[in-house]
Number of protein chains: 2
Amino acid sequence: MTDATPARSADAAPTRTPRPRRTRPATLERREEILRAAMRVFGSKGYHQGSLAEVAEQVGITHAGVLHHFGSKDRLLTEVLEFRDRVDVEHLEGQHIPGGLDLFRHLVKTAAINAERPGIVQAYTVLTGEAVTDGHPASAWVTERFTGLRADIAGALREVIEERRAAGDTDTDYELTDAALDLAASTIIGAMDGLQIQWLLDPEAVDLAESTAFAIEAILASTLAGARRPRPLD
Amino acid sequence: MTDATPARSADAAPTRTPRPRRTRPATLERREEILRAAMRVFGSKGYHQGSLAEVAEQVGITHAGVLHHFGSKDRLLTEVLEFRDRVDVEHLEGQHIPGGLDLFRHLVKTAAINAERPGIVQAYTVLTGEAVTDGHPASAWVTERFTGLRADIAGALREVIEERRAAGDTDTDYELTDAALDLAASTIIGAMDGLQIQWLLDPEAVDLAESTAFAIEAILASTLAGARRPRPLD
DNA sequence: TTTCTCTTACTGACGAGTAAGTAATGTGTG
DNA sequence: CACACATTACTTACTCGTCAGTAAGAGAAA
């Protein structure tokens with residue numbers, strides 16, 4: 001039984017360099033094109049309903065060409081998600097990631113910008129919704145994304161409250177638990193996501209920017225008011 | 001060009017009655033079984049990813065049997081949605097649909113109940129998320145559902161405010177526009193839906209009942225406080 | 001001449017819908 | 001009441017389409 005694979009290390013001439021070539025710049029661009037196309041397709045049709053053929057067509061190749069670059073549909077999806085993360089971060093490059101009240105202003109501004117690009121919002125919403133199905137390849141990513149967002153927002157909340165305390169605001173001297181901050185953070189994220197769904201389905205009926213701003217202000221006010229705020233349901 | 005279809009009305013013996021037989025009770029039960037199975041399947045896998053074969057298997061027949069009853073997968077989905085509507089209404093039978101503050105208490109209680117039945121929540125969330133994809137058969141249903149919910153909640157809000165005015169609460173004598181009520185209504189619905197997503201993905205991280213209650217109280221308080229509430233972002 | 005990019009061509013699987021047939025369950029007629 | 005025959009509730013066995021993934025090779029680049 002002879003080895004069918006060519007002998008590599010054993011007696012290859014030492015003159016032979018291992019020859020790494022790797023990615024040309026044109027190829028990297030190609031891959032980004034594919035990622036962008038995939039984002040459009042998965043965003044409008046969902047992951048399961050979107051096909052590799054459709055992604056391929058948008059960049060003028062065949063579906064096998066896409067598989068050459070990404071190996072499988074699952075891997076394509078995860079690379080799309082990582083790519084989005086990278087792009088989002090680059091977008092903030094130069095500017096620091098805002099904290100404190102600025103984070104909330106940033107969220108409101110983002111909603112206003114998103115109201116002009118339904119495609120992005122749809123992509124995010126579809127993938128997030130799909131991720132709660134059993135065994136979906138994006139569910140880990142979405143879950144971690146939520147975890148990160150909650151931490152960021154809870155942190156910003158803490159900053160705001162501590163700032164006010166430092167300024168001698170006696171309205172804020174209640175117990176400040178992590179749980180309460182997380183609660184507010186989840187609620188803000190939830191409201192933003194839920195409003196996006198309604199807006200996508202019926203843009204006439206919901207003003208994305210305005211309702212997002214309202215939600216954040218309401219939750220912020222309630223959180224800052226702490227335990228002493230009258231609870232309307234009691 | 002002769003008519004290939006047998007002459008029906010022209011000279012058929014008047015003795016022939018059209019013979020309607022229709023559905024036996026056992027059949028109706030069978031169809032309900034199928035609808036319940038379909039809800040489970042579409043709820044856990046989504047509409048596109050869930051197959052007729054899987055639905056059929058759960059009631060012990062073949063996928064062709066399902067098609068015999070419902071004609072097509074699309075029709076099955078719409079009948080599932082109509083069935084859910086019917087069941088939900090029956091569930092409230094006897095009790096009046098609550099209005100005013102009771103509606104909000106009802107929403108909070110529903111969230112607490114839902115925290116014990118992730119299947120239902122998942123079904124609702126998956127279908128809603130999928131509905132924002134292009135040309136999805138459930139999008140009309142979901143859109144109308146949101147429209148109805150917004151109207152109900154906005155109406156309840158109006159009731160609450162008018163009650164307080166009647167009681168002489170001067171805190172509520174600001175302009176009361178429909179737009180403001182709809183805004184609050186969308187936000188409450190959005191928060192509930194968004195929190196469900198996070199809870200499904202990470203039940204440890206989010207307390208569905210508590211966060212929903214918090215969201216509703218915060219938005220309610222903000223709305224009742226009207227225009228005079230300090231706006232933290234300004 | 002090796003490596004990379006991509007195509008053509010194929011496989012295997014799965015899924016919705018159709019067609020034809022079968023067994024059971026009624027229903028109208030004599 | 002009995003018989004004939006509609007109608008129902010399915011099954012089996014397809015068709016047709018789609019889609020992910022594979023294999024082999026061609027042309028270009030390095």
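Just so it is clear: chains get the letters A, B, ... in the order the sequence lines come, proteins before strands, and each one is counted from 1. No experiment lies behind these values; they were computed from the predicted model shown.
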Review point. Is the phosphate of dA9(D), meaning OP1 or OP2, less than 4.0 Å from a side-chain N or O of H68(B)?
Key: yes

Practice item. For T62(A), report the nucleic acid contact type (base, sugar-phosphate, nothing); a contact means any heavy atom under 4.0 Å. Key: base

Review point. Are any of R30(A)'s side-chain N or O atoms less than 4.0 Å away from OP1 or OP2 of dC6(C)?
Key: yes

Practice item. With heavy atoms under 4.0 Å as the rule, sort L67(A) into base, sugar-phosphate or nothing. Key: base

Review point. Are the side chain of Y124(A) and the backbone of D193(A) linked by a donor-acceptor contact shorter than 3.5 Å?
Key: no

**Study point:** L52(B) CG - dG15(C) C1' separation (whole Å)
**Key:** 8 Å

Check your understanding: Rounded to whole angstroms, how far apart are CG on L76(A) and C1' on dA20(D)?
Key -> 12 Å

Point to revise | Short N-O contact, R86(A) and E82(A), less than 4.0 angstrom | key: no

Check your understanding: Whole-Å distance between dA20(D) C1' and E54(A) CD?
Key -> 15 Å

Practice item. Would you mind reading off the distance between F70(A) atom CZ and dT5(C) atom C1', rounded to a whole angstrom? Key: 13 Å

Revision key, fill the gap. The nucleotide from dA20(D), dA9(D), dC6(C) with an atom nearest the side chain of S51(A) is dA20(D)

**Study point:** Q198(A) side chain to V206(A) backbone, donor-acceptor under 3.5 Å
**Key:** no

Review point. Between the side chains of W199(A) and N114(A), does any donor sit under 3.5 Å from an acceptor?
Key: no

Review point. So do R30(B) and I61(B) actually touch side chain to side chain, heavy atoms under 4.5 Å?
Key: yes

Review point. Atom NZ of K45(B) and atom C1' of dG15(C): how far apart are they, to the nearest Å?
Key: 13 Å

Point to revise | DNA chain C: 5'-proximal contact among K73(B) and V66(A) (nearest heavy atom) | key: V66(A)

Point to revise | A64(B) side chain, from C-beta outward: closest of dT22(D), dT11(D), dT5(C) | key: dT11(D)

Check your understanding: In whole Å, what is the span from the CG atom of D74(A) to the P atom of dC19(D)?
Key -> 16 Å

**Study point:** base_contact_polar (dG21(D) base, H63(A) side chain, donor-acceptor, <3.5 Å)
**Key:** yes

Exercise for review: Can you tell me the distance, in whole Å, between the NE2 atom of H48(B) and the P atom of dG17(D)?
Suggested key: 20 Å

Exercise for review: Starting from C1' on dC14(C), measure out to CD on E57(B) and report it in whole angstrom.
Suggested key: 14 Å

Point to revise | Nearest listed nucleotide, side chain of T27(B), among dT8(D), dC6(C), dA20(D) | key: dT8(D)

**Study point:** Comparing I61(B) and G71(A) on DNA chain D - which has the more 5′ nearest nucleotide
**Key:** I61(B)

